[in-house]
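Inspection log for the structure reproduced underneath, given as structure tokens.
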Amino acid sequence: MMLGYLLARAGVDVYVLEKHADFLRDFRGDTIHPSTLEVMYELGILDDFLKLPHQEIRELAGQIGNDTVTIADFTHLPTHCRFLAFMPQWDFLNFISKQAATHATFHLKMRTEVMDLVRESGRITGILAKTAEGTLEIHAALTVGADGRHSVVRKSAGLEVINLGAPMDVLWMRLSRKPDDPEQTFGHVENGRIFIMLNRDAYWQCAYVIPKGTAEEIHQRGLESFREDIVKLSPFLSERVDELGDWNQVSTLTVTVDRLSRWSLAGLLCIGDAAHAMSPIGGVGINLAIQDAVAAANILGARLLKGTPAETELRAVQKRREFPTRATQRLQVLIQDRVIRRVLGSTKPLTVPWLLKRLERWPFLRRIPARVIGVGFRPEHVKGVKGRISA
Ligand SMILES: Cc1cc2nc3c(=O)[nH]c(=O)nc-3n(C[C@H](O)[C@H](O)[C@H](O)COP(=O)(O)OP(=O)(O)OC[C@H]3O[C@@H](n4cnc5c(N)ncnc54)[C@H](O)[C@@H]3O)c2cc1C
């Protein structure tokens, strides 16, 4: 959606295809990072965006065993917004699609599911999609696969996927929220369990992290046992946990971490999770996907006005974005292996690790995780727009 917006803004004729009828489907994260807010500032849409209901998180804290630790402090970032905004992703996508729709060259086709790629003389020249009215074929100078971690586009293109592995999946559910509940979104880490609660005003959106492939086992232990586990982590939910009366209210989200060895072919480019599926750790996947979009628009926008980009020009996008992707995934895999795997496999009570104790002792160190989470490696800026951060 972001790439569609940026290209339409540059005058390129764009079709964005979305298989669902709205954006209220699969969970894909709620975080809008300072670097994404900076992109919106550069585009002149930040003030309108901040009028939408959202929460502003200036510090990230978590409970480990009985101790609460502050992990990141965003208030020193070199960005206009020194906070992380929490907003349901459908509100964010609706907002961006409205901005994009102000450009006559932007076309959004909902309920249009890409099924395959169209090829001519060894290059990709478009897509075949399924719609309520039947099959649709669209021909394009460039096809961009931005269809997430189960990308049909990259599969149809036969691009090689390097799987980095993930030790966890996530059980995802809602529980009601009361006025005297804690305000903040927070995480609670105990031996064998990680529980994250996102404040969505009327309800808590809860994420219960489980060892990969154990959802079935948890189902078999029964809902009562699952409800007891939640209450152990957040006792104030004891009177509400009965709201979970059926496993249908609990979705299993599979976590994948991978990347393509090659993001492009003649006529085709993959970006976002389609090029590199991100772990939920640090909640940075949306940020990376948007940064890819900005880089792709900067590199290809003007070129697309003149015709089909050459393969070397498409490869320039990967060249620009590969380092931030690899560096972020490396950190995520390190945390998965050193922290998540250990926590989920542990039976003894947890204590705060020495590294996090240093953050408590020297609060200025919290600026480092804030920088990695909030801005990331090699931040992108919208080409030709003033007011950039000096990051
Ligand atoms: C459990 C979990 C929690 C996460 N939490 C966070 C978080 O809090 N913050 C964060 O930044 N990141 C988070 N992530 C990572 C984040 O979800 C992704 O990195 C990010 O959404 C990638 O954006 P994208 O646009 O590339 O893909 P997606 O957000 O997956 O979007 C792909 C879009 O393509 C559509 N689509 C798919 N197939 C087709 C098709 N064949 N035809 C047409 N349309 C299609 C989909 O419906 C979807 O709208 C989380 C990931 C997981 C698994």
Side-chain angles (χ1 to χ4, degrees), residues 1-5 15-36 57 60 84-90 92-94 96-97 108-117 127-131 136 138 143-156 166 168-173 185 187 194 196-198 205-210 212 215 251-260 263 269-293 296 321 325 328-329 332 336 340 373-374 376:
M1 185 67 79
M2 183 57 91
L3 179 56
Y5 169 34
Y15 280 79
V16 173
L17 314 179
E18 166 56 52
K19 69 177 171 182
H20 293 305
D22 53 43
F23 298 116
L24 285 169
R25 291 297 186 282
D26 315 337
F27 174 69
R28 298 181 294 252
D30 280 352
T31 50
I32 313 292
H33 290 243
S35 55
T36 301
I57 309 291
L60 272 188
L84 210 115
F86 265 82
M87 180 185 287
Q89 201 180 111
W90 50 87
F92 174 60
L93 287 170
N94 281 331
I96 298 294
S97 66
L108 173 60
K109 292 190 84 64
M110 303 300 287
R111 290 178 73 183
T112 305
E113 181 171 1
V114 174
M115 308 301 286
D116 206 351
L117 294 168
I127 55 91
L128 260 185
K130 191 172 74 179
T131 72
L136 173 73
I138 300 182
T143 300
V144 179
D147 50 343
R149 59 191 192 275
H150 305 296
S151 171
V152 167
V153 169
R154 79 179 189 187
K155 199 168 168 207
S156 309
M168 76 276 201
D169 288 326
V170 176
L171 298 180
W172 186 245
M173 73 224 92
T185 284
I194 302 173
I196 294 157
M197 297 172 69
L198 309 176
Q205 183 63 67
C206 308
Y208 189 97
V209 182
I210 57 168
K212 188 147 218 65
S251 329
T252 305
L253 305 173
T254 49
V255 177
T256 314
V257 188
D258 64 30
R259 66 174 171 261
L260 297 179
W263 297 17
L269 173 68
C270 289
I271 59 167
D273 269 20
H276 47 75
M278 304 304 289
S279 161
I281 290 171
V284 291
I286 299 168
N287 185 34
L288 259 93
I290 286 173
Q291 298 281 308
D292 285 358
R321 296 300 306 155
T325 303
T328 312
Q329 286 186 327
Q332 289 188 321
Q336 279 185 177
I340 307 288
I373 296 170

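Start at 1 and go down the list; that is how both ligands and their atoms are numbered.
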* **Test item: V284 and Q332 side chains (from C-beta on) under 4.5 Å apart, heavy atoms** => yes
* **Part of L17 with heavy atoms under 4.0 Å of ligand 1, whether side chain, backbone, both or neither** => backbone
* **Short N or O distance, T254 and ligand 1, threshold 3.5 Å exclusive** => no
* Polar side chain donor-acceptor pair, S35 to N287, under 3.5 angstrom -> yes
* Asked: Where on H150 is there a heavy atom closer than 4.0 Å to ligand 1, on the side chain, on the backbone, on both, or on neither?
  -> neither
* Using distance alone, determine whether S279 and ligand 1 share an N or O pair under 3.5 Å. => no
* Could you check V255, I194, L171 and say which one makes a side-chain contact (heavy atoms from CB on, under 4.5 Å) with V209? => I194
* Say whether, by atom type as modelled, one donor and one acceptor occur between the side chain of S151 and the main chain of R149 under 3.5 angstrom. => no
* Asked: Within the distance-only criterion (no hydrogens, no angle test), does the side chain of Q205 pair as donor or acceptor with the backbone N or O of M173 below 3.5 angstrom?
  -> yes
* Output, in order, the C-alpha distance, side-chain angles, deciding distance and verdict of side chain to side chain contact (heavy atoms under 4.5 Å, CB included) for I271 and L3. => CA-CA 10 Å; I271 59 167; L3 179 56; 3.8 Å; yes
* Asked: Among G272, G285, P280, A207, whose heavy atom sits nearest atom 52 (C) of ligand 1?
  -> P280
* Residue G148 vicinity, atoms of ligand 1 by number, heavy atom under 4.0 Å -> 27 (O), 30 (O), 32 (C)
* T256, portion touching ligand 1 at heavy-atom distance under 4.0 Å -> neither
* Asked: Does R149 come within less than 4.0 angstrom of ligand 1, counting non-hydrogen atoms of the residue?
  -> yes
* Relative to the heavy atoms of A289, which atoms of ligand 1 are at a distance of less than 4.0 Å? -> 23 (O), 26 (O)
* Derivation and outcome, side chain to side chain contact (heavy atoms under 4.5 Å, CB included), residues D22 and W90 -> CA-CA 8 Å; D22 53 43; W90 50 87; over 6 Å; no
* V284: numbered ligand 1 atoms lying under 4.0 Å from its heavy atoms -> 10 (C), 11 (O)
* To do: Using distance alone, decide if ligand 1 has a nitrogen or oxygen within less than 3.5 Å of any nitrogen or oxygen in G283.
  => yes
* Measure I286 to ligand 1 on non-hydrogen atoms and call it side chain, backbone, both or neither using the 4.0 Å cut-off. => both
* Candidate pair H150 and T254, rule side chain to side chain contact (heavy atoms under 4.5 Å, CB included), full reasoning -> CA-CA 10 Å; H150 305 296; T254 49; 4.1 Å; yes
* **Considering all heavy atoms, the nearest F92-M87 contact** => N-SD, 3.8 Å
* Structure fact -> Check: of N287, D147, D273, V209, min heavy-atom distance to atom 18 (C) of ligand 1 comes from D273
* Asked: Just which atoms of ligand 1 are under 4.0 Å from any heavy atom in H20?
  -> 47 (O)
* To do: For ligand 1, indicate whether the residue D30 contacts it via side chain, backbone, both or neither (heavy-atom separation under 4.0 Å).
  => backbone
* Asked: What about T31: any of its N or O atoms under 3.5 Å from an N or O on ligand 1?
  -> yes
* Asked: Crowded around K212 NZ? As in, over 12 foreign heavy atoms under 6.0 Å?
  -> yes
* Asked: If you round to the nearest 0.5 Å, how far is NZ of K19 from OG1 of T131?
  -> 15.5 Å
* To do: With heavy atoms of L253 as the reference, note each atom of ligand 1 found under 4.0 Å away.
  => 1 (C)
* **Any T112 heavy atom less than 4.0 Å from ligand 1** => yes
